[in-house]
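This report concerns only the one structure given below.
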Number of protein chains: 2
Amino acid sequence: MTNKPTPRPGGRSARIQAAVHQAVRDLQQEQGRAGLTVPAIATRADVTPSTIYRRWGDLAQLLADVAVEQLQPEQPPADTGSVRSDLLAWLVEYFEEMSSAPGRAMLRDVLGTEGHTSAGKCDGFLRQQIEVINERGLARGEQPMDIGRVTQIVVAPLMYRILFANETPTAQAIEALFEQLVSSADA
Amino acid sequence: MTNKPTPRPGGRSARIQAAVHQAVRDLQQEQGRAGLTVPAIATRADVTPSTIYRRWGDLAQLLADVAVEQLQPEQPPADTGSVRSDLLAWLVEYFEEMSSAPGRAMLRDVLGTEGHTSAGKCDGFLRQQIEVINERGLARGEQPMDIGRVTQIVVAPLMYRILFANETPTAQAIEALFEQLVSSADA
DNA sequence: ATCACTAAGGCAAAATATTTGCGTTAGTGG
DNA sequence: CCACTAACGCAAATATTTTGCCTTAGTGAT
């Protein structure tokens, strides 16, 4: 919904979407989730509420849409010289963001809506970032990391802790899981 | 919120909570999420909407409350003779439930609300069930399974697939992860 | 038992939010 | 430049949530 699956993405639609998304982010930061209401967002974005209801259906879907957009990586992972160090550095940063209050809020918004599309995109972004690291490594003659194993051994347990145990993984904890990943890869 | 943290759990409170929970389950089944609105629930439960708003705050929190209650195990895991077979059988059943449409809806409700309490309880239930299996095994002289490793190696990856990849784990996939668990335990 | 006490519920009015019908605006394609 | 129509604005109609005030019914003391 962020790009152009819309039949008519011409200027206006895009402008309004941008204004609404911006309004959501602004209000979210200024006031917490309270005061984050469709009419308030509409006013801030200089749009009528009905526009929002017609385009997004309801608040939950709008928030999910915005969350997905914010989850979308803006930059490729830092190039630190090797696949392993790139991946570890990226994972630490990623889970630091996901554990933060705004990160948790985004996860809630994304996981709380019916369409699996939003959550699916998160997984897509993650794979995409790892893919970039792998391709860079490949160009250096390194062995790529199996993405499925990265999510199974490192990502999934960390996500579980954030979501179900309300923990905030330390860098140390991430490194420990990462160690399991690379040691089982070497075998 | 299900038992008695309320200062005054005497008959009425409990009765109303039961009626409201029941109404939610009924309406949820009869009509999907649509038509699952606070006034509708109130009518069905023979209660005024304001009662619901005052006690639960909003629909999301009520749904999370009901979901947690439904996630609570009603029976101890089946006794199949050994810790391993008990655990595997229970995991297969558990994830079958979680992958189903109602299961996914419950997960959404639980993960979509702010208080980490709901999600935390899910993890608690899970640990509790495994604990029962372990204790039974202990009485037979068996080695208990480390609960942390069960969630890390088996539960978390499966949950990740359900939530982020919209997959429905097959019994085979569960067995494969279980195999990793026991083989790494033997080492 | 009876009674004073108060948490929790009912009711109804007020405030908000959501939906909808219909006219208008502004990209799109010819 | 014009016809076409998706998407928006506006405002009236609905539906929902919130609130003040009153009533009901557990609770604990006598």
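Every chain is numbered from 1, with letters handed out A, B, ... down the list of sequences.
Using a 4.0 Å cut-off between a side-chain N of Lys or Arg and a carboxylate O of Asp or Glu, A:D46 and A:R15 do not qualify as a salt bridge. By the 4.0 Å N-to-carboxylate-O rule, A:R140 lies close enough to A:D79 to be salt-bridged with it.
The base of D:dA25 is not paired with the side chain of B:R12 by any donor and acceptor separated by under 3.5 Å.
Rounded to an integer number of Å, the gap from A:Q17 CD to D:dC8 C1' is 15 Å. The distance from atom CD1 of B:I16 to atom P of D:dT24 is 14 Å, rounded to the nearest whole Å. Distance A:L36 CG to C:dA17 C1': 14 Å, rounded to the nearest Å. In this structure, A:L59 atom CG and C:dT16 atom P are separated by 17 Å, rounded to whole Å. In this structure, B:W56 places its CH2 atom 12 Å from P of C:dA8, rounding to the nearest Å. As a whole-Å value, the separation of B:Y53 OH from D:dA15 P is 14 Å.
In this structure, B:R15 does not reach the D:dA25 phosphate: none of its side-chain N or O atoms is under 4.0 Å from OP1 or OP2. The phosphate of C:dG9 (OP1 or OP2) has a side-chain N or O of B:R55 nearer than 4.0 angstrom. Side-chain N/O atoms of B:T51 include none lying less than 4.0 angstrom from OP1 or OP2 on C:dG9. Remark: B:R54 is not in phosphate contact with C:dG10, judged by side-chain N or O atoms under 4.0 Å from OP1 or OP2.
Using a 3.5 Å distance cut-off with no hydrogens or angles, the side chains of B:Q28 and B:R25 do not pair a donor with an acceptor.
Checking A:A40 against A:S50, the closest nucleotide of DNA chain C that is more toward the 5' end is the one next to A:A40. Heavy-atom distances to DNA chain C give each of A:D58 and B:T48 a nearest nucleotide, and the one nearer the 5′ end belongs to B:T48.
The residue B:T37 sits close only to the backbone: its heavy atoms come under 4.0 Å of sugar-phosphate atoms, none of a base.
Other residues, nucleotides and ligands contribute at most 12 non-hydrogen atoms within 6.0 Å of the CD atom of A:Q172.
Counting only distance, with no hydrogens or angles, the side chain of B:R104 and the backbone of B:I162 share a donor-acceptor pair below 3.5 Å.
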